[in-house]
Every structure is written in C-alpha cells, then in structure tokens.
Amino acid sequence: QVHLVESGGGLVQTGDSLRLSCQAPEGSFSAYYVSWFRQAPGKEREFLATIHWSAELTDYLDSVKGRFTISKDSAKNAVVLQMDSLKPEDTAVYYCAEEPRYSVKGTNYEYWGQGTQVTVSS
C-alpha cells in the first residue's frame with residue numbers, strides 16, 4: 001500500500017529552484033503534520049520542514065529558512081516544498097512523511113514516500 005508519493009526532483013544548477021510535491025493517493029492529510037526530510041550519501045536523514053495540514057502551522061530547519069517554503073495545495077491534496085537558491089550541498093534524496101504529532105525526528109514517522117532525487121550541479 002502506497003501512502004505517500006513524492007515528485008518534482010531533478011538535476012538543476014546552482015541558484016536554480018525546484019518545487020517538490022507530496023501526495024497521499026489513498027488518504028487525506030487533514031489531521032497530520034506532513035514533513036520533508038532529505039538524506040545525502042553517507043549522511044544521516046535530516047529534517048527540513050513541516051506543516052500541519054489543518055492548522056497550517058509550519059516549522060523549518062534553521063539552515064533552510066528563507067530558501068525553502070512548505071505549503072499545502074488543497075486542490076491537489078498535496079504538500080509542496082518550494083526550494084530556491086539551490087546549492088550543491090542540497091543534493092540528496094528528498095522524502096515526505098506524515099505523523100499526527102509534531103516531530104523533527106524521522107524515527108517518529110511511520111509513513112514515508114519512496115523519495116525523489118535532487119541533484120544540484122556547481
């Protein structure tokens with residue numbers, strides 16, 4: 001059973017933007033925090049941003065504030081991560097996950113997408 005599906009990754013150059021999308025094909029985000037994480041080769045998974053679907057509360061990793069924006073697209077039942085001014089160090093597999101309670105720890109999330117690759121060339 002596929003809970004979450006990410007899309008929007010790709011190969012871009014330094015300074016470019018990408019818009020990632022996370023959808024729940026078989027459900028609704030209404031009572032959940034939906035978060036974005038990333039994992040680069042050889043590194044631990046890293047929390048980036050979260051949004052509570054109904055309350056629209058958001059939180060970010062300090063290092064991406066001002067460059068990344070998380071939002072919801074109600075028409076598409078999707079959570080979007082807008083990434084601007086991308087840098088080579090943003091290269092990673094990006095995942096979305098959902099959880100009823102606020103958490104920045106990936107281990108607290110039960111449902112994940114398959115990930116989408118983002119590669120930023122210098």
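Atoms considered below: every heavy atom in the structure, side chains included; atoms not considered: hydrogens, waters and symmetry mates.
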- Task: Check Val34 against Cys22 and note the closest heavy-atom contact, atom names and distance.
- Result: CG1-SG, 4.3 Å

- Query: Within the side chain of Thr58, is there an N or O that forms a donor-acceptor pair under 3.5 Å with the backbone of His52?
  - Reply: no

- Task: Evaluate the salt bridge (charged side-chain N to carboxylate O under 4.0 Å, His left out) criterion for residues Lys65 and Asp62: first the C-alpha distance (whole Å), next the side-chain angles of each, then the deciding distance (0.1 Å), finally the verdict.
- Result: CA-CA 5 Å; Lys65 284 181 180 178; Asp62 284 346; 3.2 Å; yes

- Task: Work out which heavy atom in Glu6 is nearest to a heavy atom in Cys96; give both atom names and the distance.
- Result: OE2-N, 2.8 Å

- Message: Hydrophobic cluster membership, with links at side-chain heavy-atom distances under 4.5 Å among I/L/V/M/F/W/Y: are Val12 and Phe68 in one?
- Response: yes

- Task: Give the minimum heavy-atom separation between Ser122 and Thr14, together with the two atoms involved.
- Result: CA-OG1, 3.5 Å

- Message: Quick check: closest heavy atoms across Ser17 and Ser85, and the distance to 0.1 Å?
- Response: OG-N, 4.3 Å

- Note on the structure: side chain to side chain contact (heavy atoms under 4.5 Å, CB included) with Leu4: of Phe29, Trp112, Tyr95, only one passes, and it is Phe29

- Query: Relative to each other, are the rings of Phe37 and Phe47 parallel, tilted or perpendicular (30° and 60° limits)?
  - Reply: perpendicular

- Would you say Arg38 and Asp90 make side-chain contact, with heavy atoms under 4.5 Å? yes

- Query: Does Thr91 use its side chain to pair, donor to acceptor, with the backbone of Val120 at less than 3.5 Å?
  - Reply: yes

- Message: Taking the side chain as everything from C-beta on, heavy atoms only, tell me whether Val104 gets closer than 4.5 Å to Thr50.
- Response: no

- Item | Rounded distance (nearest 0.5 Å) linking atom NZ of Lys105 with atom CD of Glu99 | 12.5 Å

- Query: If every non-hydrogen atom of Asp73 is compared with every non-hydrogen atom of Trp53, which pair is closest and at what distance?
  - Reply: O-CH2, 4.0 Å

- Message: Run Glu98 and Val79 through side chain to side chain contact (heavy atoms under 4.5 Å, CB included) and show every step you take.
- Response: CA-CA 10 Å; Glu98 61 177 0; Val79 171; over 6 Å; no

- Item | Rounded distance (nearest 0.5 Å) linking atom CZ of Arg67 with atom CG of Leu86 | 6.5 Å

- Less than 4.5 Å apart, any side-chain heavy atom of Tyr94 and any of Leu48? yes

- How close do Leu18 and Gly8 get, heavy atom to heavy atom, and via which atoms? CD2-O, 3.6 Å

- Query: Cut-off 3.5 Å, side chains only: do Thr119 and Gln117 have a donor facing an acceptor?
  - Reply: yes

- Query: Going by heavy atoms in the side chains, are Gln23 and Asn77 under 4.5 Å from each other?
  - Reply: no

- Query: Any side-chain heavy atom of Tyr33 within less than 4.5 Å of one from Asp59?
  - Reply: no

- Message: Please determine whether residues Ile70 and Leu61 belong to a single hydrophobic cluster, defined as Ile, Leu, Val, Met, Phe, Trp and Tyr linked transitively by side-chain heavy-atom distances below 4.5 Å.
- Response: yes

- Query: Which distance, rounded to the nearest 0.5 Å, do you find between the CD of Glu46 and the CD of Gln39?
  - Reply: 10.0 Å

